[in-house]
Amino acid sequence: MAKKSYRQAISEALRQEMERDHRVIVLGEDIAGGAGGDAEQDAWGGPMGVTKGLLPLFGRERVIDTPITESGFIGAAVGAAATGLRPVADLMFVDFMGVCFDQIFNQAAKFKYMFGGKATTPVVIRTMYGAGFRAASQHSQCLYNIFTHIPGLKVALPSNPYEAKGLMIQAIRDDDPVIFFEHKAMYDMEGEVPDESYAIPFGQANVTREGDDATIIAFGRMVNFANTVADKLSKEGITCTVVDPRTTSPLDTETILETAAETGRVVVVDEAHPRCNMATDVSALICQEAFDKLKAPIKMVTAPHAPVPFSAALEDLYIPSMDKIEAAVRSVTGKSH
Amino acid sequence: MAKKSYRQAISEALRQEMERDHRVIVLGEDIAGGAGGDAEQDAWGGPMGVTKGLLPLFGRERVIDTPITESGFIGAAVGAAATGLRPVADLMFVDFMGVCFDQIFNQAAKFKYMFGGKATTPVVIRTMYGAGFRAASQHSQCLYNIFTHIPGLKVALPSNPYEAKGLMIQAIRDDDPVIFFEHKAMYDMEGEVPDESYAIPFGQANVTREGDDATIIAFGRMVNFANTVADKLSKEGITCTVVDPRTTSPLDTETILETAAETGRVVVVDEAHPRCNMATDVSALICQEAFDKLKAPIKMVTAPHAPVPFSAALEDLYIPSMDKIEAAVRSVTGKSH
Amino acid sequence: MQLSREDLLKAYRRMVMIREFEEAVHEEFSAGSIPGFVHLYAGEEASGVGVCMHLNDNDYIASTHRGHGHCLAKDCDEHAMMLEIFGKKEGLCGGKGGSMHIADLSKGMMGANGIVGGGPPLICGAALTAKTLKTGGVAVAFVGDGASNQGTVFESYNLAKILNLPAIFVVEDNGYAEATSSRYSVAGSQVNRGKAFDIPAVEVDGSDFFAVWEAAREAVERARNGGGPSLIHSRVLRYYGHFEGDAMTYRPADEVANYRAQKDPLMQFRRRVTEAGLLDGSALDEIDRSVKDRIAQCVVQAKSAPEPTEADLLTDVYISY
Amino acid sequence: MQLSREDLLKAYRRMVMIREFEEAVHEEFSAGSIPGFVHLYAGEEASGVGVCMHLNDNDYIASTHRGHGHCLAKDCDEHAMMLEIFGKKEGLCGGKGGSMHIADLSKGMMGANGIVGGGPPLICGAALTAKTLKTGGVAVAFVGDGASNQGTVFESYNLAKILNLPAIFVVEDNGYAEATSSRYSVAGSQVNRGKAFDIPAVEVDGSDFFAVWEAAREAVERARNGGGPSLIHSRVLRYYGHFEGDAMTYRPADEVANYRAQKDPLMQFRRRVTEAGLLDGSALDEIDRSVKDRIAQCVVQAKSAPEPTEADLLTDVYISY
Ligand SMILES: Cc1ncc(C[n+]2csc(CCOP(=O)(O)OP(=O)(O)O)c2C)c(N)n1
Ligand SMILES: Cc1ncc(C[n+]2csc(CCOP(=O)(O)OP(=O)(O)O)c2C)c(N)n1
Ligand SMILES: [Mg+2]
Ligand SMILES: [Mg+2]
């Protein structure tokens, strides 16, 4: 096993799946980069370089630079998926969903149901989310709750390089439409990633820490924050279970309910705005299904109900911090400093 | 006071506000109807006739039929609001948000924050939501949770004609962007509506029933279902408080928490799909803030995680029914038949 | 390429099928037996059939909310369609879709669409599949005059052109989007809109089967031969309201009657083929009769067919979950 | 209408201001003092200034992610802008917007925009306000070549035309959208796209202030006189990467150097006005010097200006909540 970055892990998953199945194509704005120009043709590989290197291997027929027409090319990916390809489309930032959401939530998500089960739409939409890049209000949102709300979509939120590779391979092999969320602040994160191909099944949470005092359920990048907090608190003798659901849809309600019941004290960490988000989703689930096991209020740690600010000083205050997670754990366990 | 329909109530609010303030305009597809044709010019007044009659009063300068370009005309409404008009734009079905969401959530909602407080965007977007019309998957969704999630937007869900008029007047006078949700199955519902103008403040819940055994928090059309269930159960001696939050953003958390604490037994009714919706939002709020007052799990009554089916038989099973609400109340109170 | 006798019979049969189907749905809707939003294609038959005569099951079309005609032109089963419109379990979509969401991917029919402008991007995808997997197929998007203003449509023109996709855009301009005239809503011209993207574009009289057929022949040939996308502006008229229940006060009272009398596509077709001695009237009469019977039968069966049940409510959301 | 001496000095000053501003931001970004995504307008000065010279505070513009130049051309305060780009509390947007969201509605500047194609619908709205309230104002949307393929842009063309709005669309075609050449991404031509909607459309050399100014004069006059929308296709070049940090390997190595040497807009302007004896070199030199000083001062102050604090985090979300 080798150390690889989140970027490399996703890239490797794409490459291996494209080698395995000729129906897999990638498309998006500057997914290769340089089209029509007189210099380097694989100049970008997307703004973060994730798809760099695919063009020389698979050619422009399968690595397709698109114009800036998200409805057009995301819709084309959906239509291609319904007719025999397995496209991986790149919605550069999830913040751009507003110009193409229809093709995702009214078309891809609903074909199977509306058409009485007869359609298959194996499209993957990769997208970047999250704050921390000083990218301001229109390039820093999470929004996975919106996709999670929509029946017919699956939503993956890999929390580290290992997860990223395995979940991407599953996403491509999955016959349902999958929205694959990559956190923009994680591309350089490194971790052990096997060279060989492997798929991580959807809907199976990963318990990253086991403990007795509290259960932290966290999403995406926040899983790492939760792990760090758990490690820190364990030195004080406060031990936490940390749950990474991996996918918000399907959601591994079983593991969530079990681990919540075990400690009876729950913190849910969601980088998103607070209203109708995954923190409320999981809290409500537990409160309905495991109420009798709860020993304390469920605490939610989220961003505030405000757009993401540009200023570094404000953005740092904006993002759910490890301090806030730690405080929440102390609060539910009743163990303050 | 006269009996008026939900349709008439909204229409009257629009008319009165247009009379009061010359900056108020309405625009949308067939908001009048007949433009460019050789016959009746006020032929439609929107597909449900809500805006019929405004054209003869205010003329084509203020009652603007638009092409089918939701990004274009909703964006224009946003731009007009930022520059001095007070537009009421009609997004015919909320299901069409996917072709214009950007102008709502990245532009209108964020101008004030992104621009450091210096922008004012008093736009109202009227939209139709909800199941029950045999209108199938792409014309029956709720989706108010998505707008509720977005900081910078306000979201109103009038539950009857009286509420509709008062909340619409408030929406138009409000200086923030407001999404105004009209339930398509309620236009013919009648109720007492004063002739004179009145505004119902946002963020102040209406307690429609008071009781001791359970608290039902319901949204939009579901408020009426909840009232009926409460009335029915009261005959058995099971009395319920019913809360109509009126707006999901801002949300009257105070009234919700107070009424939840009073009975300790809570049912939340939301017509939307179950994930990351208002039912989870309110449940999580209560579980975090009023946990010690809860005597039973909070029950959520929602639509299932599936698109809205066309078939009448299926759609009737799909919509949260009074039977299901009743069962939930019985379950939280421990009082079965 | 020429239209054989069989082709002519098939074309006529499909057009009559659409007409009879829509008349029946109109009647049943008025009688209260069909729920929901229903948009009829009656009057526009020659347009959909003229195009789809060039297509096989390997070719895809994407339709609109006004989808019945396109489905029938693309050879979807009329019986299963009728059941679907009645919301029945044996309907083409199990009763889950209804009039606005009829689809049959096995026939290359990618679905009616409740979202105006929803189809063209999908058709770019079907065309991309054809190009990438070299299936030899082409893909056709039907676009209303109202839809022609939707941003997704222009995006699709551009995308299809720059990727040189075997895609055809048929703008079926029936003069109205709901109650709004295309004279008001459409700036410029459909043909110039195509040409602005360097897409070959022609205007045809969509009531004339042969004119549509000829324009579509060129476009389909071009697409199959790697020549990229085309646009056809097909002028038609709808005989009924925007949806069933529409009082149509925005239309001059005699608009439809005049058109029916002078330009009805079935009448035109019949006159043309009989005058040219290509088919005789009795063969056409026989089609009229048999189709009428067939549709009547479909309606009767649709009425008594079983509804879906609770067991069907939550199936078909995912393949695996 | 003619350019007075004052106009020429003002135009030059604005162009130099943009150039110096962008050079300074480039330097400071490279040095690590500016965070986030920053897109520079250097090289395109004549385009934004040529257009905005016709506008006053009563007229609106909507910009793009590459917004600094448009802001300065529309007379936004350079000092407050620099503070904003540094994320400071006294920035034009309180540090909440940053480079991609600079706006000053009091100057008729509706905002840079992080969403490609986000501006044109907004400009239709500003034009609608002008028309409805009879303010006499016009509204201008700047659109990149990449943005010109976004559906919202075509929707805006159509809407502006059918409502006869005083709107102007300036397609600033710098040859690239990120790393993608417009030769690849744009089918057809910008001018034909405008004309397809019956919108008068012209192409100009966007490096030539006078050419842009003249085209904009016509368009603004037309709009003010109730003649409806216009389109200007302005060909320009950006001197730096798509965003700061872009290695630009997709561009021929000498592309920018050649352009700078032959077509630099400041150089062209200087040559033209001095050769024609309209201004003398020393007046221009004086502007060069004073602007350079001014910008240097802005940078120094921006660096030491205070950050926003926790008290600012949750303000400005709503007017009332
Ligand atoms: C995105 C979207 N906007 C609006 C509608 C509502 N709507 C349904 S059909 C229609 C008119 C369509 O006109 P046209 O494209 O000319 O097709 P026609 O009905 O004439 O066949 C409208 C506005 C919709 N379904 N989807
Ligand atoms: C809707 C949307 N899609 C994609 C992007 C990412 N993006 C930002 S700028 C850009 C290129 C824009 O090119 P162009 O319009 O030519 O403007 P230029 O950068 O050349 O000034 C892209 C793809 C975005 N910000 N918004
Ligand atoms: Mg039409
Ligand atoms: Mg460009």
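Numbers restart at 1 for each chain; the letters A, B, ... are given by sequence-line order, proteins then strands. Values below: every heavy atom of this structure, side chains too, minus hydrogens, waters and symmetry copies. All values reported here derive from a predicted model rather than from experimental measurement.
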remark   = So, the part of C/Ser106 with a heavy atom under 4.5 Å from chain A: the answer is neither

inquiry  = Does any backbone or side-chain atom of A/Asp175 lie under 4.5 Å from a heavy atom of chain C? Answer side chain, backbone, both or neither.
reply    = both

query = Which heavy-atom pair separates C/Ile319 from A/Lys112 by the least distance, and what is that distance?
reply = CG1-CE, 3.4 Å

remark   = When the 4.5 angstrom heavy-atom criterion is applied to C/Ile123 and chain A, the contacting part is neither

note = Shortest non-hydrogen pair, C/Asp312 vs A/Tyr113, comes out as O-OH, 4.5 Å

Where C/Leu122 and A/Phe111 come nearest, the two heavy atoms and their spacing = CD1-CZ, 3.7 Å

ask   = By a 4.5 Å heavy-atom criterion (distance strictly below it), what part of A/Ile74 contacts chain C: side chain, backbone, both, or neither?
value = neither

inquiry  = Can you tell me if A/Glu254 has over 12 outside heavy atoms packed within less than 6.0 Å of its CD?
reply    = no

task = Look up atom CG in A/Asp102 and atom CD in C/Gln150, then write down how far apart they are to the nearest 0.5 Å.
result = 8.5 Å

note = Pair count under 4.5 Å, heavy atoms only, with chain A: among C/Gly111, C/Ala126, C/Cys124, highest is C/Ala126

query = What heavy-atom pair brings C/Pro121 and A/Gln103 nearest, and what distance separates the two atoms?
reply = CG-NE2, 3.5 Å

query = What is the minimum heavy-atom distance between A/Phe115 and C/Leu105, and which atoms define it?
reply = CD1-CD1, 4.4 Å

query = Who wins among C/Asn158, C/Thr135, C/Leu313 for the most heavy-atom pairs under 4.5 Å with chain A?
reply = C/Leu313

ask   = Nearest 0.5 Å, what's the NE2-NZ distance between C/His101 and A/Lys110?
value = 9.0 Å

request  = Let me know if A/Glu61 has heavy atoms under 4.5 Å from chain C in its side chain, its backbone, both or neither.
outcome  = both

query = With a 4.5 angstrom heavy-atom cut-off, which part of C/Tyr318 approaches chain A: side chain, backbone, both or neither?
reply = both

Choice from C/Ala127, C/Gly125, C/Gly108 maximising heavy atom contacts with chain A below 4.5 Å = C/Gly125

ask   = Taking every heavy-atom pair that is under 4.5 Å apart, which of A/Pro67, A/Cys100, A/Gly203, A/Ala119 has the most such pairs with chain C?
value = A/Pro67

task = Among C/Ile102, C/Asp104, C/Ile115, single out the residue with the greatest number of heavy-atom pairs under 4.5 Å to chain A.
result = C/Ile115

request  = Side-chain contact test, heavy atoms from C-beta onward, threshold under 4.5 Å: evaluate it for C/Leu128 versus A/Thr83 and give yes or no.
outcome  = no

query = How close do C/Asn113 and A/Gln107 get, heavy atom to heavy atom, and via which atoms?
reply = ND2-OE1, 2.9 Å

message = Taking side chain as everything from C-beta outward and backbone as N, CA, C, O, which of these in A/Thr247 sits under 4.5 Å from a heavy atom of chain C? Side chain, backbone, both or neither.
response = neither

message = If you define the side chain from C-beta out and look only at heavy atoms, does anything of A/Lys118 sit under 4.5 Å from C/Leu92?
response = yes

ask   = How about C/Ser320 and A/Lys154: does a side-chain donor come under 3.5 Å of a side-chain acceptor?
value = yes

